[in-house]
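Atoms within each ligand, like the ligands themselves, are counted from 1 in listed order.
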Amino acid sequence: MITTKRAAKAVGKHISRAVLALRAALGAKPVFQCSACGAGVVGFFRYGDCTDWGCPRCGASPRERLMNYLVDSGRLPLTDGAILHMAPNEGTLVRRFGAAASDYVPADLDPSRYTVAGAARVDLMELADHGRFDLFYASHVMEHVPDDAAVLSNIFRALKPGGEAWLIVPLWEKPTEDGSYAMPPRERERRFGQWDHVRQYGMDFVDRIAAAGFEVETIAATGIDPAIRRRHALGDILFRARKPATTSRGNG
Ligand SMILES: [Zn+2]
């Protein structure tokens, strides 16, 4: 479903990209750097309300750049074990996770939407693995699942003790509001910003992750050194959830 809101964002993005290309052609200095592809760039293109959204070279979003920065800086250690990567459309992370892991599983409810080779069909509502993965990564996925408590429990069970889930979701200032797929798509778009979103998260997402048994740390782009943050135009907040190495919950 293409909505007028999305179409307007797409037009704005194309204009912004054209302006950046023109500035680069006219000799503007590449004073910024994309932490995803490494390119020096004259700026980042606009998407919606975000003026520094996309890398003009590789298209990386602020959250894709944040993840690459956190891995490069050693803040997030990459496992050489098993990784389940949901909605694998961030090319730099597909390459990094695929190179690091001995068992890399890119997956989605609808794998045909992705170009990554060997994408598996995984419905997080039905995820039944036990202690298989060292790392679970899902960016902008949890706002689509019908029952996030069930999915967080499934992720917890699918991880090895000591394994981690790295989660990014769209956030607003208010507490989380839940909807459902029983709502008309138009109402979901009005309330949650997109027709296929069934909730809008606030920072209380932390409590939902913790309720599944995880220890949770939030890593916000705003907490990173301002000069570095500006140089890479980093944005967003990562919810880093760790399954305790020893668990008393009996389902690990
Ligand atoms: Zn880039």
Give every protein N, O or S atom lying under 2.8 Å from the Zn ion (ligand 1), naming each by residue and atom.
Cys34 SG, Cys37 SG, Cys55 SG, Cys58 SG

Side chains of Glu217 and Phe239, heavy atoms from C-beta outward: is any pair under 4.5 Å?
no

Heavy-atom check, side chain of Ile219 versus side chain of Arg75, under 4.5 Å
yes

Who passes side-chain contact (heavy atoms from CB on, under 4.5 Å) against Ala60, sequence neighbours left out?
Cys34, Ala36, Cys55, Cys58, Glu64, Arg65

So, do Trp53 and Phe44 sit near enough that their side-chain heavy atoms are less than 4.5 Å apart?
no

Anything under 3.5 Å between a donor and an acceptor, one on a side chain of residues 11-29, the other on a protein residue two or more places apart or in another chain? List them.
unit_1 : atom_1 : unit_2 : atom_2 : d
Ser16  : OG     : Arg46  : N      : 2.7
Arg17  : NH2    : Pro56  : O      : 3.3
Arg23  : NH2    : Val42  : O      : 3.3

Going by salt bridge (charged side-chain N to carboxylate O under 4.0 Å, His left out), name the pairs with one or both residues in residues 77-102, residues two or more places apart or in two chains.
Arg63-Glu90, Asp72-Arg96

